[in-house]
Amino acid sequence: MLKHLTTTAAIFALSATTLWAKSDITVAMQLEPPHLDPTSAAAGAIDSVLYSNVFEGLTRFMGDGSVVPGLAASWEISDDGLAYTFTLRDGVTFHDGTTMDAEDVKFTFDRILAEDSTNAQKALYAAISSVDVIDAKTVKLTLSEPNGNMLFNLAWGDAVIVAPESIENIKQTPIGTGPFKFDEWRQGDSIQISQYDGYWGDTPALTAATFKFISDPTAAFAAMMAEDVDVFTGFPAPENLPQFEADPRFQVLVGSTEGETILSTNNKQPPFDDVRVRQALAHAIDRQAIVDGAMFGYGTPIGTHFAPHNPAYVDLKAGSAFDPDKARALLAEAGMADGFETTLHLPPPSYARRGGEIIAAQLAEVGIKAEIINVEWAQWLETVFRGKNFGLTIVSHTEPMDIGIYANPDYYFQYDNAEFQELIATLNATTDPETRTDMMAKAQEIIASDAVNGYLFQLAQLSVAKAGVQGLWTNAPTQATDLTGVSWAE
């Protein structure tokens with residue numbers, strides 16, 4: 001009997017060792033990318049799968065928000081701030097075996113800046129006047145004016161380096177330089193990547209990863225509890241987090257994101273072209289009720305488009321405090337005493353669908369009837385982001401420090417303010433930290449005063465993982481599921 005027990009224990013120990021020695025991982029996320037080219041779409045879901053895993057830029061973000069060298073081993077900046085000369089790393093190849101060199105860097109940025117470019121953040125790179133190949137390992141970016149954000153901007157997923165040889169099929173077959181290569185996309189279900197043997201840098205602990213797409217919060221909870229997935233990043237059912245916290249099989253990671261969740265407003269569509277109507281919207285919204293009701297308390301109310309954890313953040317919530325009576329008075333002043341009807345487009349994330357129901361009810365209290373239109377992500381990109389065919393929508397802008405989008409009158413909420421545009425242009429050309437902080441404060445104040453959008457809350461980063469997973473980002477300085485440092489505990 002004793003021998004039998006000892007044998008059983010040995011088998012159990014062996015199976016446990018085998019379990020924790022696994023080198024693959026299954027990561028679930030709510031949104032499926034519309035395609036797989038991070039340089040030609042605004043969908044953060046693309047970066048969530050591919051950033052730093054499959055594609056790399058000249059610089060990159062780390063989990064703490066710092067910017068470090070990526071494909072550029074080093075760089076020199078001219079005294080006038082107009083020339084950035086990058087020295088590229090040795091031995092870098094794309095996943096098809098071709099060499100990554102300065103010609104690929106030039107191709108990437110020429111494509112971003114082309115007249116027909118569909119790069120969602122093209123404005124970030126507008127100051128680049130020329131890209132010159134010095135030699136195979138050296139490339140120079142010349143700017144038309146100094147830009148204190150350039151190294152930061154180069155770390156965005158929109159600026160990852162791509163090759164002309166593989167660009168034609170990049171949306172379906174992404175070929176990058178990262179530690180993982182793309183294997184398969186089962187649309188509607190999953191994307192598979194695996195370790196790239198020819199990677200120039202440190203070999204990751206993981207040999208393979210599967211990204212599964214589970215949009216329904218109830219299904220997300222079931223999949224995690226059944227241990228069908230190892231990690232759920234951006235977990236969409238915050239009400240279930242206490243159950244995971246109490247279960248030793250799991251760990252819950254609660255961090256911050258760069259995601260300003262906003263009631264985006266079409267500033268060119270009447271009656272939203274009237275600042276008084278937009279201000280009425282702002283005062284009709286009870287932010288804390290939305291955080292409590294849609295996110296179960298996870299999230300930080302905001303009064304402008306800026307992350308509260310950023311040192312330059314200004315707390316402007318008081319200027320648009322919840323005040324239904326003031327909202328009604330502003331509507332009356334704008335000739336809308338009887339209210340009006342509009343549309344409210346809601347993409348799949350819980351913050352939008354759940355938050356939208358709450359906001360629609362709050363707006364109805366002041367006479368604004370918002371017709372809820374639930375849309376899938378690809379439809380939102382087509383109708384709202386590109387088509388600008390909407391009244392209101394709810395979306396979380398997860399790009400890092402992106403207040404500059406308000407300087408682009410063609411951006412989907414169509415805010416056109418010459419003073420703000422001039423301020424951002426000056427900010428981009430300024431390198432002195434104190435001066436930049438003052439300008440960022442002024443920028444926040446302008447868009448809050450103009451009530452460009454309804455500023456709701458800063459999205460929390462909520463992830464659930466099996467207890468043995470280590471190395472995941474807790475915070476999200478950019479929208480990414482960086483697997484380069486992830487491993488299983490031994």
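Note that the coordinates shown come from a computational prediction; the quantities given were computed from them, not determined experimentally.
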Original post:
What do the steps show when you test H397 against Y412 for ring-ring contact (aromatic ring centres under 6.0 Å, His included), and what is the final call?
Top reply: CA-CA 12 Å; H397 282 258; Y412 76 101; 5.8 Å; yes

Original post:
If you draw a 6.0 Å radius around CG in D202, do more than 12 non-hydrogen atoms from other residues or ligands fall strictly inside?
Top reply: no

Subject >> Atom NZ of K140: over 12 foreign heavy atoms under 6.0 Å >> reply: no

Subject >> Between E165 and T98, a side-chain donor and acceptor under 3.5 Å >> reply: no

**OP:** Measure across N153 and Y125 and return the closest heavy-atom pair with its distance rounded to 0.1 Å.
**Re:** O-OH, 2.7 Å

Original post:
Do D438 and T435 have side-chain atoms, one donor and one acceptor, less than 3.5 Å apart?
Top reply: no

**OP:** Would you confirm whether the ring centroid of W185 sits within less than 6.0 angstrom of the ring centroid of F213?
**Re:** no

Original post:
Around K388, counting heavy atoms of other residues, nucleotides and ligands shown, do more than 12 lie under 6.0 Å from its NZ?
Top reply: yes

Subject >> Side chains of N408 and Q421, donor plus acceptor under 3.5 Å >> reply: no

Subject >> Heavy atoms of other groups near E422 CD, more than 12 under 6.0 Å >> reply: no

Original post:
Out of curiosity, T26 OG1 to F232 CZ, how far, rounded to the nearest 0.5 Å?
Top reply: 12.5 Å

Original post:
Among side-chain atoms of S320 and R287, is any donor-acceptor pair under 3.5 angstrom?
Top reply: yes

**OP:** Anything under 30° is parallel, anything over 60° is perpendicular, the rest tilted; go ahead and classify H345 against F390.
**Re:** perpendicular

Original post:
Side-chain contact, heavy-atom cut-off 4.5 Å: R436 with M440?
Top reply: yes

Subject >> Over 12 non-hydrogen atoms of neighbours within 6.0 angstrom of CG in D197 >> reply: no

Subject >> H35 side, atom NE2; D37 side, atom CG - distance, nearest 0.5 Å >> reply: 6.0 Å

Original post:
What about the rings of H305 and Y406, do their centers lie closer together than 6.0 Å?
Top reply: yes

**OP:** Would you mind reporting whether S129 and L143 have side-chain heavy atoms less than 4.5 Å apart?
**Re:** no

**OP:** Show your working on side-chain hydrogen bond (donor to acceptor under 3.5 Å, both in side chains) between Y51 and T478 and close with a plain yes or no.
**Re:** CA-CA 9 Å; Y51 185 87; T478 192; 5.8 Å; no

Original post:
Aromatic rings F152 and F61: how do their planes relate, parallel, tilted or perpendicular, breaks at 30° and 60°?
Top reply: perpendicular

Original post:
What is the minimum heavy-atom distance between E145 and A127, and which atoms define it?
Top reply: O-CB, 4.2 Å

Subject >> Rounded distance (nearest 0.5 Å) linking atom CD1 of I359 with atom CG of L263 >> reply: 5.0 Å

Subject >> Heavy-atom side-chain proximity of V464 to V231 below 4.5 angstrom >> reply: no

Original post:
D450 and N417: side-chain donor and acceptor closer than 3.5 Å?
Top reply: yes

Original post:
Does a side-chain heavy-atom distance below 4.5 Å link I193 with F211?
Top reply: yes

Original post:
Is any side-chain heavy atom of L346 less than 4.5 Å from a side-chain heavy atom of I373?
Top reply: no

**OP:** Mind listing the closest non-hydrogen atom pair of V486 and A205 along with its distance?
**Re:** O-CB, 3.7 Å

Original post:
Side chains of Q444 and T304: is there a donor and an acceptor less than 3.5 Å apart?
Top reply: no

Subject >> Nearest non-hydrogen partners of F272 and R278, listed with the distance >> reply: O-NH1, 2.8 Å

Original post:
Where do L31 and M29 come nearest, in terms of heavy atoms and distance?
Top reply: O-CE, 3.2 Å

**OP:** Report yes if the side chains of L381 and P347 come closer than 4.5 Å at any heavy-atom pair, otherwise no.
**Re:** no

**OP:** In sequence, state the C-alpha distance, the side-chain angles, and the governing distance for W380 and T393, and then conclude on side-chain hydrogen bond (donor to acceptor under 3.5 Å, both in side chains).
**Re:** CA-CA 9 Å; W380 185 92; T393 187; 2.9 Å; yes

Subject >> Working for side-chain hydrogen bond (donor to acceptor under 3.5 Å, both in side chains), residues T430 and D432 >> reply: CA-CA 6 Å; T430 300; D432 178 67; over 6 Å; no

Subject >> Rounded distance [0.5 Å steps], CG in L36 versus CD1 in I170 >> reply: 9.0 Å

**OP:** Decide side-chain hydrogen bond (donor to acceptor under 3.5 Å, both in side chains) for Y199 and E56; before the verdict, give the C-alpha distance in whole Å, the side-chain angles of both, and the deciding distance to 0.1 Å.
**Re:** CA-CA 12 Å; Y199 184 55; E56 300 172 301; 2.7 Å; yes

**OP:** Decide yes or no for Y298 and V291: does some side-chain heavy atom of the first lie under 4.5 Å from some side-chain heavy atom of the second?
**Re:** no

Original post:
Looking only at heavy atoms, which two atoms of S256 and N475 are closest? And how far apart?
Top reply: N-OD1, 2.8 Å

Original post:
Under 6.0 Å from the CD atom of Q187, do we count more than 12 heavy atoms belonging to anything else shown?
Top reply: yes

Original post:
Below 4.5 Å, heavy atoms only, C-beta onward: do T39 and V160 meet side chain to side chain?
Top reply: yes

**OP:** To the nearest 0.5 angstrom, please state how far the CG atom of D132 sits from the CD1 atom of I134.
**Re:** 6.0 Å

Subject >> D47 side, atom CG; D158 side, atom CG - distance, nearest 0.5 Å >> reply: 6.5 Å

